[in-house]
Chemist: 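Please read through the structure below; I'll follow up with questions.
Small disclaimer: the values here were computed from a predicted structure and weren't measured. All chains are named by letter (A, B, ...) in the order of the sequence lines, taking the proteins before the strands, and each is independently numbered beginning at 1.
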4 protein chains.
Amino acid sequence: MTTEVMSEDVAEGPAKPMRADARRNYERLVDAARRVFTEHGGDASMEAIAKEAGVGVGTLYRHFPKRIDVVEAVYRNDVDTLIDAAERGTLDLGPWDALASWLRAYVDYAQAKKVFLNELHEAFDKNPELKLGSRERIWAACGRLLVRAQEAGEARSDIDGEDLMQLVSPMCVHATLDPAQSERLLTMVLDGLRPPH
Amino acid sequence: MTTEVMSEDVAEGPAKPMRADARRNYERLVDAARRVFTEHGGDASMEAIAKEAGVGVGTLYRHFPKRIDVVEAVYRNDVDTLIDAAERGTLDLGPWDALASWLRAYVDYAQAKKVFLNELHEAFDKNPELKLGSRERIWAACGRLLVRAQEAGEARSDIDGEDLMQLVSPMCVHATLDPAQSERLLTMVLDGLRPPH
Amino acid sequence: MTTEVMSEDVAEGPAKPMRADARRNYERLVDAARRVFTEHGGDASMEAIAKEAGVGVGTLYRHFPKRIDVVEAVYRNDVDTLIDAAERGTLDLGPWDALASWLRAYVDYAQAKKVFLNELHEAFDKNPELKLGSRERIWAACGRLLVRAQEAGEARSDIDGEDLMQLVSPMCVHATLDPAQSERLLTMVLDGLRPPH
Amino acid sequence: MTTEVMSEDVAEGPAKPMRADARRNYERLVDAARRVFTEHGGDASMEAIAKEAGVGVGTLYRHFPKRIDVVEAVYRNDVDTLIDAAERGTLDLGPWDALASWLRAYVDYAQAKKVFLNELHEAFDKNPELKLGSRERIWAACGRLLVRAQEAGEARSDIDGEDLMQLVSPMCVHATLDPAQSERLLTMVLDGLRPPH
DNA sequence: TATGAATGAGTGTTCATTCAT
DNA sequence: TATGAATGAACACTCATTCAT
C-alpha cells in the first residue's frame, strides 16, 4: 500500500499520527477537491471545495495552507491510487490482464489530470520533485507489470516500460479524447503489444 | 485567403465590411491578446490586453463584449493563419516541402494553444461549432497538402490527412515538449511518411 | 496654496489632469478615510472607508492600490492643510495671533495622527521621504511664523522654530491628553514665548 | 511585593490561590505575550503567543478568555514590575540612585507600552480603572522615591512626584525617541532635579 | 485539564463588466 | 466613438474563538 495520507513527509519519523478527526477530514477534503475540480475546473474556489467536503474554509486551510497544496495533494493521491492499482493487480490478476487493466486505469488517471493541468504545472514549478518522482514511480509500476507479462510470454520483449508509457501518455493528453476513442486506441496498443505470432 | 475578421458571422451576406480604423483596432487587439496570453497565461486580465494594444478597456469591449470572445478571436485567427500557410505553401513550394513546412507551422500553432487551453475549452463549450469547424478545416488543409505530395509520388499513399493529424496532434499537446524534441519527433514522422523504397 | 490633490507627483509635468469625477472621488475618499480612522481606529477596513465615501471598494482601490496608500494620502492631506493654515494666517492675522492660532492647529493635527500611528509608521518605513519631508515642511512653516513674530518684537528671540516644535510636538503625542489639558499646556508655552518683560 | 497574578480580582477575598502549575503557565504566557508583542507588534495572533509559550491556544484561552485580556495582563505585569523596582530600589540603593535608576526603568516601561498602544487603549476603554489605577500607583511610587531623596537633601523640594511624571512621561511617548536620546534627556532632567547649589 | 482541530466572519485585493465623460 | 472611472461579486487567506479529543 502506497497510499499514505500526508505522504509528503518523506522522512516519516514518529511525527505524531494525525488525530482521528483530522485524518478523516484530510481524506474527505482531498476527495471533495477532486470532485470539485472535475466538476468546475481547476480554478474552482477554496470555498467551493470546503463546502463540498462539508467543512469550513478554515479547516481546508489548516490542512492545506496554500491553494496549490490542495492541487498537489489531489495529484499525489491520484498517483498513489494508480500505483496501488498496479500492486493490487499483481495479486489478483494474471500477468496480461493485470497489465491491460492497469493501462486502462492509467488512461483514467491521465484524463483526470487534464482538468487542472495549469495548476499542476504551477505545482511542478514550485516542487520539481513532484513531477520527476511521480513519473518515475509510474514508469516503474508499468515496468513491473510489463516484465511480468513478458516473463509469462504474454507480451513482446523488445519494449520496456518507459517505451510503453511514452506511447500511451501523449495519447491521453490529447485534448479531444472521448472514452470510446481512447478505448479503441488502447486496444490497438494492446494488440501491438502481443508477442509476434 | 481565409482570414476573415469577425468570421463568426457565419452567414456572411453584405455585413458592412468594418471601417478601416475599426479593423485596424480589431487586429491590433487580437495580436495584443495573443502576446499577453503567451506572456502571462490564459487568465490574463482584460486591462492587460487593452493596455498592450494601447487602447482603453472600453474599446476592447466594443469589439469583444465578453472575455471569452477574445479567446475565441485569437484562436480563430490562429487557425486562419494556419490555413493560409497551407495555401501559401501550395503556391510557393514543392509538394513535399509544402507539407513538411506546414507541419512545422502546425506544431507551433498547437504549442500556442496550450497557454489558454482552459479558456479554449470554455469557448468550445459555448460554441461547439468552433471546435468541430476548426478541426475540419485543419484536417482538410492537411489533406490537400498530403494528396498533392502523394500525387507527386513524394509521400506514401496508405495514409490520409486525418491519420496524419491524429498522429501529430497528440504529440504536440504533450505537456513536456521542448522545441528540439518536437523537431526530432517531427523529423521521424516525416521520414515515416516517405514512400517505401 | 499647498493643498494639491495627488501632491505626491512631485515632478508634475502635464500629467493629464484627473477627470472631474475622479478628482471629486479622490477628495471624497480622503475625507471619508479620515473620518473612519478617527471613528474606528487606524485599522478600519477598506470596505468601511469606501462605504463612508459612498463608493464601491473598486473605486477606492483605483485611487489607492494598497491600503497603506490611503493612510499616506490622509496624512499628506493633513500636513498640507496645516501648511496652508500657516500661510493663510500670515495673510489674515497679526504676527502673534497667527503664531498662536497655528500652534493650536498643530495640536489638532498631532492628535489626529495618533489614531493611525501604527499605520503611519508603516508608511514611513516604506517611504522615508514622507516623514522627513513633512517634518521639514512643518518646521519651516513654524519658523516663518515665529520669525515674523520675533521681528515684530512679539516673541522672544532666543528660540527658533525647531526648538518650539521640539517642545510642542512631544507634548501632543502624549497618549492621555484631553483638549482642556492641551489648551492649558499650550497657554503655558505661549506665555513662556513672550519676550521677557 | 506588588506582583499579584490575576490582580484584576480587585476584591480579593480567599480566591483560591491558583495551583502551582497553573501559575507557572500564567506567567509563562504573559512573558511569551510580551515577547511576541515586542517582536511582531501589538496585533500579533493568539496562535503566535501560545506557540511562543509552548502551549496550545486552548490553554491560552483558559487563562485569558478574550484577546484583550492578554494585553491587559501584560500591561498589569509591566506596571507591577515597575512598582516592584521602586520598592527594591528603596531597599538596595541610596535615595538619589534609587530615584535615578527607577526613572530609567520607567523610560523602558514607557517604550515597551508603545508597541501595543492601540490595544492598550481598547483595554482602557473597557476598563477605565486600569488606566487610572496604574497611573496613580506609578505616581505614588515615584513620589515615595522623590520624597526620600528630598528628605536626604539630594533633590530639590519645589517639585512633587506628579510634576516629575508629567515631565518624563510625555518625553517617553515621543515616537521618534532612540535610547541614546532618551538617556541624554533623562540626564538633563536629573541634573535639573538636583537641589540648587 | 491541555491540546489543537474546526469554525466562519472578515480582510485586502483583483477583475470582468458597465457607464459617465 | 474611445476612454478610463466606477462597480461589486468573488477570491485567497487570517485569526479570534469554540469544542471534540
Side-chain angles (χ1 to χ4, degrees), chain A residues 16 18-26 28-29 43-51 53-70, chain B residues 19 21-22 25 43-51 53-70, chain C residues 16 18-26 28-29 43-51 53-70, chain D residues 19 21-22 25 43-51 53-70:
Chain A
K16 206 179 278 185
M18 230 183 229
R19 247 169 56 181
D21 56 345
R23 159 176 293 255
R24 202 162 37 251
N25 270 337
Y26 180 95
R28 217 208 287 227
L29 283 167
D43 55 352
S45 79
M46 294 294 267
E47 288 279 350
I49 295 170
K51 174 171 291 182
V55 304
V57 245
T59 303
L60 180 50
Y61 274 95
R62 168 169 288 269
H63 288 281
F64 308 102
K66 300 278 160 193
R67 191 178 188 288
I68 198 71
D69 299 329
V70 180
Chain B
R19 260 170 47 186
D21 57 341
N25 260 345
D43 55 351
S45 77
M46 294 293 268
E47 289 277 351
I49 295 170
K51 174 173 290 184
V55 304
V57 249
T59 305
L60 179 52
Y61 273 93
R62 163 163 301 271
H63 289 279
F64 309 101
K66 298 279 159 190
R67 190 179 187 285
I68 199 70
D69 300 328
V70 180
Chain C
K16 206 178 278 185
M18 228 183 233
R19 247 168 58 181
D21 55 345
R23 158 176 295 253
R24 199 159 41 248
N25 270 339
Y26 180 94
R28 217 209 285 228
L29 283 166
D43 55 352
S45 79
M46 293 294 267
E47 288 279 351
I49 295 170
K51 174 170 291 183
V55 304
V57 245
T59 303
L60 180 50
Y61 273 94
R62 167 168 288 270
H63 288 280
F64 308 102
K66 299 280 160 191
R67 189 177 190 287
I68 199 69
D69 299 329
V70 181
Chain D
R19 261 170 46 188
D21 56 341
N25 260 345
D43 55 352
S45 77
M46 294 293 267
E47 288 278 351
I49 294 170
K51 175 172 288 184
V55 305
V57 248
T59 305
L60 180 51
Y61 273 93
R62 165 164 300 272
H63 289 280
F64 308 102
K66 298 279 160 192
R67 191 178 186 286
I68 198 71
D69 300 328
V70 180

Chemist: Nearest-Å distance, NZ (C/Lys51) to C1' (E/dT11)?
Modeler: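 Distance, rounded to whole Å: 14 Å.
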Chemist: Quick one: NZ on A/Lys66 to OH on A/Tyr61, what's the gap to the nearest 0.5 Å?
Modeler: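 Rounded to the nearest 0.5 Å, the NZ-OH separation comes out at 8.0 Å.
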Chemist: Between C1' on E/dT13 and CD1 on C/Ile49, what's the gap in Å once rounded to a whole number?
Modeler: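 Distance check: C/Ile49 CD1 to E/dT13 C1' gives 14 Å.
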Chemist: Return the value, rounded to whole Å, for the distance between atom CZ of D/Phe64 and atom P of F/dT18.
Modeler: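 Taking CZ of D/Phe64 and P of F/dT18, I get 16 Å after rounding.
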Chemist: With Watson-Crick and G-U wobble geometry limited to distances under 3.5 Å, how should the secondary structure of DNA chain F be encoded in dot-bracket form, using | for bases paired to another strand and [ ] for crossing pairs?
Modeler: .||||||||||||||||||||
Chemist: Kindly point out which of E/dT3, E/dT7, F/dA2 is positioned nearest to the side chain of A/Thr59?
Modeler: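 Closest nucleotide to the A/Thr59 side chain: E/dT7.
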Chemist: Counting just side-chain N and O atoms, does B/His63 come under 4.0 Å of either OP1 or OP2 of F/dA2?
Modeler: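 No, outside the criterion.
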Chemist: Measure CG/B/Leu60 against P/E/dC15 and give the value in whole Å, please.
Modeler: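 After rounding, the gap between these two atoms is 15 Å.
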Chemist: Send over the distance from D/Arg62 CZ to E/dT3 C1', rounded to a whole Å.
Modeler: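 Answer to the nearest Å: 11 Å.
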Chemist: Rounded to the nearest angstrom, tell me the gap between atom CZ in C/Arg24 and atom C1' in E/dA20.
Modeler: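 Going from C/Arg24 (CZ) to E/dA20 (C1'), I get 10 Å.
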Chemist: Decide yes or no on side chain to side chain contact (heavy atoms under 4.5 Å, CB included) for D/Met46 and D/Val70, but give the supporting numbers first.
Modeler: CA-CA 9 Å; D/Met46 294 293 267; D/Val70 180; 4.0 Å; yes
Chemist: Taking only residues two or more places apart in sequence, or in another chain, which ones meet B/Arg62 in a side-chain hydrogen bond (donor to acceptor under 3.5 Å, both in side chains)?
Modeler: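 Scan of B/Arg62 (side-chain hydrogen bond (donor to acceptor under 3.5 Å, both in side chains), adjacent residues dropped) gives none.
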Chemist: Measuring from atom CG of A/Leu29 to atom OG1 of A/Thr59, what distance do you get when rounded to the nearest 0.5 angstrom?
Modeler: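 Rounded to the nearest 0.5 Å, the CG-OG1 separation comes to 7.5 Å.
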Chemist: Output a table of nitrogen or oxygen pairs between the protein and nucleotides 13-16 of chain F separated by less than 3.5 Å.
Modeler:
unit_1: F/dC13; atom_1: OP2; unit_2: A/Arg67; atom_2: N; d: 3.0
unit_1: F/dA16; atom_1: OP1; unit_2: D/Arg67; atom_2: NE; d: 3.2
unit_1: F/dA16; atom_1: OP2; unit_2: D/Met46; atom_2: N; d: 2.7

Chemist: Counting only side-chain nitrogens and oxygens, does C/Asn25 get under 4.0 Å of the OP1 or OP2 atom of F/dA6?
Modeler: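 Checking F/dA6 against C/Asn25, a side-chain N or O does come within under 4.0 Å of OP1 or OP2.
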Chemist: Got a second to check how far C/Asp69's CG is from C/Arg67's CZ, nearest 0.5 Å?
Modeler: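 Answer for the CG-CZ pair, C/Asp69 versus C/Arg67, is 11.0 Å.
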Chemist: For A/Leu60 versus A/Ala50, what's the shortest heavy-atom pair and its separation?
Modeler: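 That would be CD2-N, 3.9 Å.
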Chemist: Rounded to the nearest 0.5 Å, what separation is found between the CG atom of C/Asn25 and the NE2 atom of C/His63?
Modeler: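 Separation between the atoms: 5.0 Å.
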Chemist: Measure up the A/Tyr26 and A/Phe64 rings against each other and bin them: parallel (under 30°), tilted (30 to 60°), perpendicular (over 60°).
Modeler: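 A/Tyr26 and A/Phe64: tilted rings.
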Chemist: Can you find a pair of side-chain heavy atoms, one from D/Ser45 and one from D/Ile49, that are under 4.5 Å apart?
Modeler: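 With C-beta onward as the side chain, the pair stays apart.
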